[in-house]
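Okay, so here's the structure we're looking at.
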2 protein chains.
Amino acid sequence: MIAGIETGGTKVLCALAGTADPGAVVQAVRIDTTTPGETLGKVRAFLAEHAAGGLEAVGLAAFGPVEVDRRSPRYGTVGATPKPGWRDTDLLAGLGLRGTPAAVVTDVTGAAVGEHRHGAGRGVRDLAYVTVGTGVGAGFLVDGRPLSDRAHPEAGHLLVRRHPDDPYPGGCPFHGDCLEGLAAGPAVAARWGRPAWDLGADRAQAVELGAWYVAQLLAAVTLTVAPERIVLGGGVARTPGLLEAVRPRLAQLVAGALGEHPCMDPGSGYVVPPALGDDSGVRGALALAQDLVRGAGAPARTTDA
Amino acid sequence: MIAGIETGGTKVLCALAGTADPGAVVQAVRIDTTTPGETLGKVRAFLAEHAAGGLEAVGLAAFGPVEVDRRSPRYGTVGATPKPGWRDTDLLAGLGLRGTPAAVVTDVTGAAVGEHRHGAGRGVRDLAYVTVGTGVGAGFLVDGRPLSDRAHPEAGHLLVRRHPDDPYPGGCPFHGDCLEGLAAGPAVAARWGRPAWDLGADRAQAVELGAWYVAQLLAAVTLTVAPERIVLGGGVARTPGLLEAVRPRLAQLVAGALGEHPCMDPGSGYVVPPALGDDSGVRGALALAQDLVRGAGAPARTTDA
């Protein structure tokens, strides 16, 4: 038996599967994220009940910052998160899985893996998963594997060019009007006084602003990491019309720099919604656990450093 | 014998070395870049004279866009460059090296490899090389190897936030005031009426503007690709005081997003000048040729796609 666990800011998803076919989930649970002790204790209880014989491997996609360098003694430990009580939480210890082979990635990297194996990223080698929700983040796969097993990128804090008709000053505690401060869920709610799913008559302008900002991240990702496809997920990204507005804005931003790159054609399928809904991360975590069992989880690239 | 060749916009560098120690260059030449026929013909003549027995392998770091996907029939062929006459030039054929094992990368990726093996990037696994010169570009290594063997990133075209005191409209033919349009050599020359190395009394303001723009690329790179170190090269980057002004500006832009990341300390050595001067690219090309001979040149990462 293997487990995939996604620890999110509002909920934890845990799924169990056989090693042979991790796509076939045999048990799953959703647990509200409260304190580390209570939350992780409930996951532990779930594992004790449904995987009493122990786990062969676990994949963990965690909200961050989280230590993802398996050479670090803090592997799987939460860093300086603003989430009360979670800083310095050793997730693997809290789950009772310190002795179990574990693959720890960021939540967005886990989502990228899930969409790559089972969802909207099938068939490409280099994939980006961008989420615009409570926060903004990005995870990257190169040749089907996480770009880095060392670093925890924070693409959401990209400095963006402000929309000329946006009076909102930005809500990021670090930067004010970085991308996350202007485009994440809390910014949308603060700008309009209502959440993204309830914008009413303001929706057209909200879509215009959202597309303006999100396209800048997608352009930056396209010009640096250069994926073959971008999956755009997250609650804000589900605002009706947003994805469709992002695509031509991205083409406008890249214009010419990459020749006839698929990002230049809004209908090319370069930017797509996730196929797994809320399950991208937990499905990715399961896939990473399977890789560990199959022996494909260790970094295969060599280094001369 | 192996060869490293860097085809640049103004000059081509070619170096020959034995396979055992590619750091020991036995012959080298610098050729002005003119037409493809003349330029590549001179390189071919150099190879015929000094490597008459043929080459075991060649590394090619080319100005772009160039096809770097070895699965493509256009591998090593120049794409839609604005450089007159070079579009669709098959570099390997022009060099008479179509049958020789070849590693083709972009010029900036080649520079990253060179600095990683022999220069300012030694000792780290994940390295970025950013050049600010006639153009702006970036190359990335992950675990000591090029991030992508498929894509040709164009990080220079990042959309940046304009400096409030910069009246220059930007000179990029595609985007006007993208990073390259505001910070590359031609933009500096157009803004001040003089090249970067001859700014006189305008230098302080030029450094302020240059650091403002270049730091935005370094922040974007840090927040997405997340290297352990950035080598900042290129002619404009050599403007006295620029590197020193970039470091605190980068810290200001990242502020908080990455905790105690080395980019937050201007003295940490996170952003460093190249150690190999103009030879980063050709030395990197040689190193890639050596990898081919040693059998380490093929992608080692597996894919499930």
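Numbered from 1 within each chain, the chains take letters A, B, ... in sequence-line order.
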Task: Which of A/D177, A/L217, A/L258 touches chain B most, by non-hydrogen pairs under 4.5 Å - done: A/D177
TODO: State the CG-CZ distance between B/L141 and B/R229, to the nearest 0.5 angstrom.
DONE: 12.0 Å
- [ ] Could you tell me whether the side chain of A/W86 and the main chain of A/G79 form a donor-acceptor pair under 3.5 Å?
- [x] no
Open item on the list: Counting only non-hydrogen atoms closer than 4.5 Å, does A/A219 touch chain B with its backbone (N, CA, C, O), its side chain (CB onward), both, or neither?
Closed with: neither
Open item on the list: Quick check on B/A257 against chain A: is it the side chain, the backbone, both or neither that has a heavy atom closer than 4.5 Å?
Closed with: both
TODO: Give the member of B/H157, B/E154, B/R162 that has the highest number of heavy-atom pairs under 4.5 Å with chain A.
DONE: B/E154
Task: Pairs of heavy atoms under 4.5 Å with chain B: top-ranked of A/P153, A/A220, A/G256 - done: A/G256
Open item on the list: So for B/H175, is it side chain, backbone, both, or neither that comes closer than 4.5 Å to the heavy atoms of chain A?
Closed with: side chain
- [ ] Determine the minimum heavy-atom distance between B/L250 and B/A215, stating which atoms define it.
- [x] N-CB, 3.8 Å
Open item on the list: Could you check, using the six-membered ring where one of them is a Trp, whether A/Y270 and A/H261 have ring centers closer than 6.0 angstrom?
Closed with: yes
Task: Portion of B/A80 that has a non-hydrogen atom of chain A nearer than 4.5 angstrom - done: neither
- [ ] Please flag which part of B/Q216 lies under 4.5 Å from any non-hydrogen atom of chain A: side chain, backbone, both or neither.
- [x] side chain
Task: Full working for salt bridge (Lys or Arg N to Asp or Glu O under 4.0 Å) between B/D88 and B/R74 - done: CA-CA 9 Å; B/D88 294 328; B/R74 281 175 60 86; 3.1 Å; yes
Task: Most chain B-contacting option - heavy-atom pairs closer than 4.5 Å, from A/A151, A/G156, A/P65, A/A226 - done: A/A226
Task: Contact class of A/P227 relative to chain B, heavy atoms under 4.5 angstrom - done: backbone
Open item on the list: Quick check on B/A255 against chain A: is it the side chain, the backbone, both or neither that has a heavy atom closer than 4.5 Å?
Closed with: both
TODO: Would you mind checking if A/D265 and A/R247 are paired as a salt bridge, meaning a charged N to carboxylate O distance below 4.0 Å?
DONE: no
Task: Winner by heavy-atom pair count (cut-off under 4.5 Å) against chain B, out of A/V225, A/T222, A/V221, A/V160 - done: A/V160
Task: Pair listing, salt bridge (charged side-chain N to carboxylate O under 4.0 Å, His left out) test, anchored in residues 105-116 of chain A, at least two apart - done: none
Task: Side chain, backbone, both or neither of B/E180 within contact of chain A (heavy atoms, under 4.5 Å) - done: neither
Task: Evaluation steps, salt bridge (Lys or Arg N to Asp or Glu O under 4.0 Å), between A/R150 and B/D143 - done: CA-CA 10 Å; A/R150 184 193 54 77; B/D143 283 341; over 6 Å; no
